[in-house]
Protein chains: 2
Amino acid sequence: MAARDYGQYGGITRALELVGERWALLIVRDLLVGPRRYGELGAGLPRIPSNILAARLKELQAAGVIRRVPHSRIIIYELTDYGHELEPVVLAFGAWGFKALGEPRDEQIITPDSMTMDLRTAFRPQVAANLPATAYGARFGPAELLIRVDGDTLDVRRGAGPVDLAFAADASIRRLISGELSPERAIATGMVEVLRGPGILLDRFASTFHLAA
Amino acid sequence: MAARDYGQYGGITRALELVGERWALLIVRDLLVGPRRYGELGAGLPRIPSNILAARLKELQAAGVIRRVPHSRIIIYELTDYGHELEPVVLAFGAWGFKALGEPRDEQIITPDSMTMDLRTAFRPQVAANLPATAYGARFGPAELLIRVDGDTLDVRRGAGPVDLAFAADASIRRLISGELSPERAIATGMVEVLRGPGILLDRFASTFHLAA
DNA sequence: CGGGATCCCTTAGGATACTG
DNA sequence: CAGTATCCTAAGGGATCCCG
């Protein structure tokens with residue numbers, strides 16, 4: 001149960017001992033979106049074995065990265081302050097990996113939490129600050145996100161709500177964010193389907209969320 | 001040989017597929033210090049099995065993170081541009097882990113490359129910019145580093161050279177950097193041994209390299 | 001039903017030895 | 001020096017079962 005060590009004394013080896021095991025950083029990623037229950041974490045991590053999830057939660061707790069909070073009958077997992085300090089690392093790491101994303105393989109899915117973190121990664125506050133406050137409703141397969149941009153702040157949460165633009169997309173949203181695909185062509189080719197509101201707002205979306213290779 | 005995937009389409013999962021395997025990020029860390037040969041990498045990664053090192057190098061190469069460069073008879077590994085973009089991530093990750101470092105266990109060693117990266121992590125350019133240019137010679141067990149600070153730039157390399165202050169320390173150097181131990185006490189208790197130059201310069205060192213929990 | 005624990009099997013990782 | 005080859009252990013994967 002103790003994470004395997006590297007026989008070395010240093011910052012990076014220590015970090016890897018704490019969150020370097022398989023699945024661990026993905027648990028942290030999902031908890032950065034918000035506190036989650038055991039079942040929610042399992043649902044957001046496709047095919048993670050239940051025993052591995054349980055083991056990682058114990059290890060992360062022992063490492064002081066997460067906390068186990070019983071709420072009446074149910075149990076909530078949340079990041080400690082120290083765990084929360086991983087946010088810039090996870091975002092930067094995600095930005096790096098985003099650039100290497102190709103087309104999705106068939107068995108790959110998009111979960112609400114992973115999409116939320118990718119949006120945070122691609123968010124450009126300095127651009128958004130000069131644009132009007134906008135609410136987007138985005139549906140990626142089964143996942144529906146409510147994306148609110150106001151000034152230089154971003155708020156993403158699950159579910160629906162009043163929005164200026166509602167659209168449905170699949171993984172090709174990546175090509176919109178990377179700039180490989182223009183908003184016009186995304187709509188014209190049907191890769192992004194506008195459900196409500198003026199399609200021109202997709203331009204604003206693409207300016208707000210941008211991360212090029 | 002293909003790294004195991006996570007069945008998910010997103011930036012962080014992609015990053016973990018590329019450099020998330022055990023040892024991989026440590027190889028990247030050492031290559032951030034400079035190009036290295038196979039044997040040098042093995043020496044800097046205590047107890048890494050040779051077959052694992054070979055496997056990781058192939059995977060990292062296939063991932064576009066490192067490059068294999070034959071130089072006449074010998075072979076050099078170096079980061080690609082894309083691999084080099086991991087530098088801020090590795091530094092931030094190392095800073096996070098540094099805060100959780102306790103006392104070293106007996107079998108833990110300090111390698112020149114890991115110490116170099118820890119120094120880069122703890123370096124405070126804005127503080128250094130207001131101090132005179134200084135060269136330190138630091139010996140950590142068998143590893144000897146030449147640390148040159150000039151304005152807001154830092155240069156660390158192996159070996160000796162003309163320095164303003166030469167000192168020997170062990171892993172307790174961490175407590176100096178974290179601020180748990182004052183430079184005066186570090187010298188008084190013998191944890192840091194001044195070999196050459198005025199010991200007062202250790203104050204400057206502690207101001208320049210600081211990373212508190 | 002949420003939150004796990006247990007089982008068995010597969011595969012990656014570790015130790016050591018060996019080779020061009 | 002720069003890797004392969006081999007053997008073995010331990011961690012991960014998948015399904016199922018359990019308990020409050």
Side-chain angles (χ1 to χ4, degrees), chain A residues 1-8 13 16-27 30-31 34-63 66-78 105 107-109, chain B residues 1-8 13 16-28 30-31 34-63 66-78 107-109:
Chain A
M1 180 184 123
R4 293 172 293 170
D5 66 82
Y6 286 95
Q8 214 172 337
T13 44
L16 288 172
E17 286 170 9
L18 296 179
V19 296
E21 297 291 302
R22 187 161 163 77
W23 297 106
L25 209 57
L26 294 181
I27 294 173
D30 285 4
L31 290 180
R36 293 282 181 267
R37 304 162 57 164
Y38 186 90
E40 294 174 316
L41 289 169
L45 271 15
R47 297 180 341 225
I48 188 177
S50 168
N51 55 343
I52 300 293
L53 176 57
R56 289 294 169 273
L57 289 173
K58 278 186 190 138
E59 290 162 9
L60 290 172
Q61 195 184 349
I66 69 172
R67 187 186 298 126
R68 190 176 187 273
V69 186
H71 271 217
S72 61
R73 303 247 32 184
I74 61 179
I75 290 169
I76 299 284
Y77 293 93
E78 62 182 30
R105 277 168 274 131
E107 79 287 6
Q108 286 187 313
I109 66 168
Chain B
M1 178 184 124
R4 292 173 295 170
D5 66 83
Y6 286 94
Q8 215 171 336
T13 45
L16 287 172
E17 286 169 8
L18 296 179
V19 296
E21 297 290 302
R22 188 162 162 77
W23 298 107
L25 208 57
L26 294 181
I27 295 173
V28 171
D30 285 4
L31 290 180
R36 292 282 180 270
R37 303 162 57 165
Y38 186 90
E40 294 174 316
L41 289 170
L45 271 13
R47 298 177 345 221
I48 188 176
S50 171
N51 55 344
I52 300 294
L53 177 56
R56 289 294 168 275
L57 289 173
K58 278 188 188 134
E59 291 162 9
L60 288 172
Q61 195 184 351
I66 69 172
R67 186 185 298 125
R68 190 177 186 274
V69 186
H71 272 215
S72 61
R73 303 249 32 185
I74 63 179
I75 290 168
I76 299 284
Y77 293 92
E78 61 183 30
E107 80 286 5
Q108 287 188 313
I109 66 168

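Only heavy atoms go into these numbers, but all of them, side chains included; no hydrogens, no water, no symmetry mates. These numbers come from a predicted model, not from an experiment.
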What integer distance in Å separates A:Ile76:CD1 from C:dG2:C1'?
-> 11 Å

Round to a whole Å and report the spacing from CD of B:Glu107 to P of C:dG14.
-> 15 Å

Reckon A:Arg68 has a side-chain N or O less than 4.0 Å from the OP1 or OP2 of C:dG4?
-> yes

Can you tell me the distance, in whole Å, between the CD1 atom of A:Ile52 and the P atom of C:dT6?
-> 14 Å

N/O (side chain, A:Arg37) to phosphate O (OP1/OP2, C:dC1) under 4.0 Å = no

For the pair made of CD1 in A:Ile48 and P in D:dG12, what is the distance, rounded to whole Å?
-> 10 Å

What's the closest nucleotide to the A:Arg56 side chain, out of C:dA12, D:dG14, D:dG12?
-> D:dG12

Which part of the nucleic acid, if any, lies within reach of B:Ile74 when heavy atoms closer than 4.0 Å are counted: base, sugar-phosphate only, or nothing?
-> sugar-phosphate

Rounded distance (Å) that lies between atom C1' of C:dG3 and atom CD1 of A:Ile27 | 14 Å

So, the side chain of A:Arg36 versus the backbone of A:Gly42: is there a donor-acceptor pair under 3.5 Å, distance only?
-> no

If you check the B:Tyr38 side chain, which of C:dG4, C:dA12, D:dT4 turns out closest?
-> D:dT4

Starting at NZ of B:Lys58, measure out to CG of B:Leu53 and round the result to the nearest 0.5 Å.
-> 10.5 Å

Relative to each other, are the rings of A:Tyr77 and A:Tyr38 parallel, tilted or perpendicular (30° and 60° limits)?
-> tilted

Which listed nucleotide (C:dG14, C:dA5, D:dG12) is nearest to the side chain of B:Asn51?
-> C:dG14

Under 3.5 Å donor-acceptor, B:Arg4 side chain and B:Glu21 backbone | no

Which of C:dG4, D:dG3, C:dA12 is nearest the side chain of B:Tyr77? It is D:dG3

For C:dG3, take OP1 and OP2 only and decide whether either is under 4.0 Å from a side-chain N or O of A:Lys58.
-> no

Of A:Trp23 and A:Arg73, whose nearest nucleotide on DNA chain D comes first from the 5' end?
-> A:Trp23

Do A:Ser50 side-chain and C:dA5 base share a donor-acceptor contact under 3.5 Å?
-> yes

Find the distance A:Leu45:CG to D:dG12:P and express it as a whole number of Å.
-> 14 Å

Nearest to side-chain heavy atoms of B:Arg4, which nucleotide of D:dG13, D:dG3, C:dG3 | D:dG13

Flag side-chain contact, heavy atom, 4.5 Å: B:Thr13 against B:Asp5 = no

Hey, is the side chain of A:Arg22 poking within less than 4.0 Å of OP1 or OP2 on C:dT11, counting only N and O atoms?
-> no

From A:Ile27 atom CD1 to A:Leu57 atom CG, the distance as rounded to the nearest 0.5 Å = 5.0 Å

Does A:Arg47 put a side-chain nitrogen or oxygen below 4.0 Å from OP1 or OP2 of D:dG12?
-> no

Could you state the CZ-P distance from B:Arg36 to D:dA2, rounded to the nearest angstrom?
-> 13 Å

B:Leu53 CG - D:dC1 P separation (whole Å) | 14 Å

Is there a side-chain polar atom (N or O) of A:Tyr6 under 4.0 Å from OP1 or OP2 of C:dG14?
-> no

